[in-house]
There are 4 protein chains.
Amino acid sequence: MKAKDIDLNAVVASIGKEEPAPRKRPFKARCAKTTRQNILKAAREVFSRKGYEGARIEKISKAAKSYDSLIYYYFGSKEKLFVEVLEGAYRDIFEAGQNLPLDENDPEAALRQIIEFPFRYYMAHPEVIVLLGTENLHAGKHISKSSTADQYALPMLTILQSVIDKGIKKGVFRKDVDCEQLYMAITSLGYFYVSNRHTFSAFMNRDLLHPERIEAWAHYISTLLLDSVRKHKTTT
Amino acid sequence: MKAKDIDLNAVVASIGKEEPAPRKRPFKARCAKTTRQNILKAAREVFSRKGYEGARIEKISKAAKSYDSLIYYYFGSKEKLFVEVLEGAYRDIFEAGQNLPLDENDPEAALRQIIEFPFRYYMAHPEVIVLLGTENLHAGKHISKSSTADQYALPMLTILQSVIDKGIKKGVFRKDVDCEQLYMAITSLGYFYVSNRHTFSAFMNRDLLHPERIEAWAHYISTLLLDSVRKHKTTT
Amino acid sequence: MKAKDIDLNAVVASIGKEEPAPRKRPFKARCAKTTRQNILKAAREVFSRKGYEGARIEKISKAAKSYDSLIYYYFGSKEKLFVEVLEGAYRDIFEAGQNLPLDENDPEAALRQIIEFPFRYYMAHPEVIVLLGTENLHAGKHISKSSTADQYALPMLTILQSVIDKGIKKGVFRKDVDCEQLYMAITSLGYFYVSNRHTFSAFMNRDLLHPERIEAWAHYISTLLLDSVRKHKTTT
Amino acid sequence: MKAKDIDLNAVVASIGKEEPAPRKRPFKARCAKTTRQNILKAAREVFSRKGYEGARIEKISKAAKSYDSLIYYYFGSKEKLFVEVLEGAYRDIFEAGQNLPLDENDPEAALRQIIEFPFRYYMAHPEVIVLLGTENLHAGKHISKSSTADQYALPMLTILQSVIDKGIKKGVFRKDVDCEQLYMAITSLGYFYVSNRHTFSAFMNRDLLHPERIEAWAHYISTLLLDSVRKHKTTT
DNA sequence: AATGAATGAGCGTTCATTCAT
DNA sequence: GATGAATGAACGCTCATTCAT
C-alpha cells in the first residue's frame, strides 16, 4: 500500500524533530498536530462522559477550543473520530498492562498484581468503560474492522502465561491453568465492578465507591483467582 | 349495515388467530392496556438494540403499530418510557432468578446452578445488557430514583445465603463465605462475557459465541467459584 | 342503521332510571346544559389568560372537569367555542353598560359615570381585553360574520346621546357634540390604560395598577371629556 | 464558463431591482449581518401578522429565504427572536417621535403634531400594535426584563414637556398640565383607534379605515387635547 | 489551517380533532 | 351523553455536516 509507505517514511523522517515539515498536500502543517491532539483529547473526554450518541460535535470542538469544521477536516466524521479515540484508549490500557513492574522471582505476588491491574485501571479510568460499552452496543463494528485488534491483548496474555509458567516451575501453581479463561476472569471481575457500579450500588444498597470496599474487592478477586491456580489451598 | 355484518363474521372467523380481520380503518386495540403493552414491548426491543439515545420515538411507535403521541399519552416522555422498560427488565431477571429449581439436598449442585444462572440469562437476553449499560452510562439516575431498587437483589442474596448455609451444615462449604462478594463475582463473570463479547472476541481472536466456548465458560466460572467456597480443594 | 335502533331500544327500556332518554336529534338532555356552561365558563377563563392560540383544549376541558371530546360535541371546534366566548363577553359588557344607574336630572354626573364606566369595567374584567385583542389580531373575522354585532353598541350610543341631549336642553353642554367620536374617545381612554398596562408601566416607570393612579386616571379622563362637551370651561 | 457570464450580465441588468441574479446554488448572503437582518425583518412581519403563538418558525425562515436552524444560530430561540423584534419596534417608534419636525415658535401647532403623531404612526405601522398586544398578553414579561425600557418614553415626554412649557411662557397653555396623563391620553386615543379598528368597525357599523374618518379622528383628538391644555376655550 | 456561516434532515413533543363504546 | 383511546399533522429545536473565504 503506497500511501502507507509514505506515511511511514514521513514518520521515520520526523524522528527527533519536534514538528514535522509541512508539505504541499496538507500533510498537517505546523499547528495541525496540536489542534488534532486537542480535538482527540477533548473527544475522548466528551465521548466518555456522554457516550457516542450523547456526544455533540460542538461540545468536542469547544472543549478543544477549536471548530466543528476542523473535526471534519482532520477526522472526516464523528464516527471516524470516535474510532481514533477508541483505539487510543485500547492502546493506553494495553500499554499500561505491559509496563506493570512485576517481581520476577515471586510469581504469586506478580500474579496478584496482574489480577488487580484491570480493576485498578478501570477504577482510575472509568471513561474507558463507556467507550468499550459504546463499542459493544454497536456490536463491535469498529474493532472488527481493525486489523490490529488482536495484537492488543496478545502481550498481556504472554506476560500472564510467563508468570504462570514460573509458578509452575516453582511448584506453586497447577499445571492445567487455562490462561485465556483466567485472563477473561481477571478482566470480568475488574470491569464489572466499575461498569455497573451505579446499578449495583442501588441493588445492593451499598456504596461501591467507598475506599475500603474497593480494597476489599481487589483483595477478594486476587485471592479468589490466585487460589484457583495454586497447587495447595491456602489456610484461612 | 352489510359491512358491519361482514366484519363481525370475519372477527368470529378469526378467533384464535394472531391477527383479527382487517377493516377499512386498520384495527386498533382501543384498549389502553393492550396499546401500552405493545408500546412497552416495542420500546424494550428498540432501546435494547439502539441504546437510549439511539432509540427513536418514531421507531418505537411504528414497531408498536401505534403513534408517537400515544407514547406521550401513556408514558409522558421518552425517559419515563425508558424507566418502565428498565424496571420491567429488572423484574424479569430477578423473578427468573427466584424461580430457579434448586436441588434442596445438594448444595453444591444448587450453587453451581446459581452461579451459572446470570451468565445463561444474559446469554439468552442480551438486550438487558444494553439497558443496564445505558443506565450505568447515565450514572444510574433512574434506578437511584426508584425506591424499590434494593428489593430486587435481596431475594437472590437470601437464596444464595441459604444454599451456602446448607453446604456449611453438610460440612462441604467453608464457614467464612462472604455472600455479597460471591454474588458480585457470580454476576461479574456472567455479565462481562456477554456485555463485552464483541470487543473481547476481537481482542482474543476467538468467537465467544461458539456453543462449546459458552459451555466451557459456564463450567469454568462455576468450578472456580464452587472451589472457592469448598472446604477442601478438589483433586485435579 | 340497525345497530343504532337496538341501542335506542335499550335506552327506551331504561326510562325512569338515572339516565334520561336520549332523542334522535340530541336536543341536549338534562345535564348537557350544565356541562356546556361549565365548558363555556372554563373556556372564557383560559382564552382570556392565554389568548386563542395559547389556549389548550385540554386545559379548558380539565378546567370544566369535562372532556376534550365534549367540547367538540357541544361546540364543534376550538374556533366556534371561541366565538361563543367572545359573544358572551360582548353581551356582558354592553349589558352592564345599559344597566348603569344614571342620575336623570344631572347630565354632568351621568356623563361622568358613562365616561368612567368602560375604564372601570375593563379594570375589573381585564380578560375581555385579551378576547378583544385576539379578535382584532385576527382582523375581526368572527365579529364580522356576526349579523348582530352592530346591535351591541347601539343602546350605549343611544343612552349617551340622550344624556347629551339633556345637557344641551339644560344649557350646560355644547350643541355640536359628536356622540360617536365621544363614545370612541371614552372607550379609547378606558381601554388603553388596561390593555397596555404592562408595557406602559415599563415605559413610564410607573405602576399603573396603584389605586391612587387608577382613581387619578378615572378623574382625568372624565374631566377631560366632560370639559370638552361643556359650554363653559371649568375654572381650575 | 458561459453560465457565469450570463449570470453576470443578469446581475448587471438587475441593478436596482429587488432580486439579484440566480445561481446554481441559490445565492446566500454568507454574511451574518445580512442573514440576521433578513430573519429579523421576516420575523417582524410574521409576528405582526400572526402574533407570537401564531407565528411559525418555518414561516419566518422561509420568508427570510433562510433556515430554521439559522434562527437558532443567530437568536437562540423563538422568544429571543421575538424580543429583538419587539425592541426594534420600540426603537423605531420612539425614534420617529423624536424626529418630529416641530415648529419651535408655535406651541399650539407643535402640540397638535405631537398629539396626532402616535395615531398616524400606528395607522402607518399597524404591525406594532400586534407586537405590543402580544407583549401585554404575556404581561409584559419581555419588556420588564429589559433594563432600557424606561429610556424609550423619556425623550418623548421631555419634548412634550418643553412644548407645554413654551406654551405656558407664551400664555396660551395652562400652568397645571400633567404631562404624563396627557401623554397617556395622546397614546390611548391614537392606539385604540388602530388596535380595535376591526371590532369597532363592526360595533359601530362604520368603516374606520375610510380616509375622511381617519382625518376626522386626527382632528378630533388633537382639538380635544389641545383644548384641554389651552387657557381659554376656543369659541365654537 | 482557521474561522464561522449555511444546509437540511430529523428528533422529541404537542395539539386539535375524531372514533368507539 | 360521558369516557377515554386513536389519529396524524406540525411545531420548536438540534445536530452532523458542508461551504466559502
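Every chain is numbered from 1 and lettered A, B, ... according to where its sequence line falls, protein lines coming before strand lines.
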query: In terms of side-chain heavy atoms, does His142(A) have a donor or acceptor partner in Glu79(A) at a distance below 3.5 Å?
result: yes
CD1-CG distance between Ile57(D) and Leu81(D), expressed to the nearest 0.5 angstrom: 6.0 Å
task: Examine dA5(E): is either OP1 or OP2 under 4.0 Å from a nitrogen or oxygen in the side chain of Tyr73(D)? Give yes or no.
output: yes
query: Under a 4.0 Å heavy-atom cut-off, which of residues 46-71 of chain A touch DNA chain F?
result: Ala55(A), Arg56(A), Ile57(A), Asp68(A), Ser69(A)
task: Without swapping roles, check the side chain of Lys78(C) against the backbone of Ala55(C) for a donor-acceptor pair under 3.5 Å.
output: yes
message: On the nucleotide dA6(F), are OP1 or OP2 found under 4.0 Å from the side-chain N or O atoms that Thr35(B) carries?
response: yes
- request: Please determine, for dT13(E), whether a Watson-Crick or G-U wobble partner exists with both distances under 3.5 Å, and give it or none.
  value: dA10(F)
message: Is there a side-chain contact between Tyr72(A) and the phosphate of dT17(F), meaning an N or O under 4.0 Å from OP1 or OP2?
response: yes
statement: Applying the 3.5 Å cut-off to both distances, the Watson-Crick or G-U partner of dA5(F) turns out to be dT18(E)
statement: The reported gap from CD1 in Ile39(D) to OH in Tyr67(D) (rounded to nearest 0.5 angstrom) is 11.5 Å
- line: When rounded to whole Å, the NZ to P distance for the pair Lys78(D) and dT13(E) reads 19 Å
message: I need the single residue from Lys41(A), Arg44(A), Lys50(A) that forms a salt bridge (charged side-chain N to carboxylate O under 4.0 Å, His left out) with Glu127(A). Which is it?
response: Arg44(A)
task: Kindly say if Tyr74(B) contacts the phosphate of dA6(F), meaning a side-chain N or O under 4.0 Å from OP1 or OP2.
output: yes
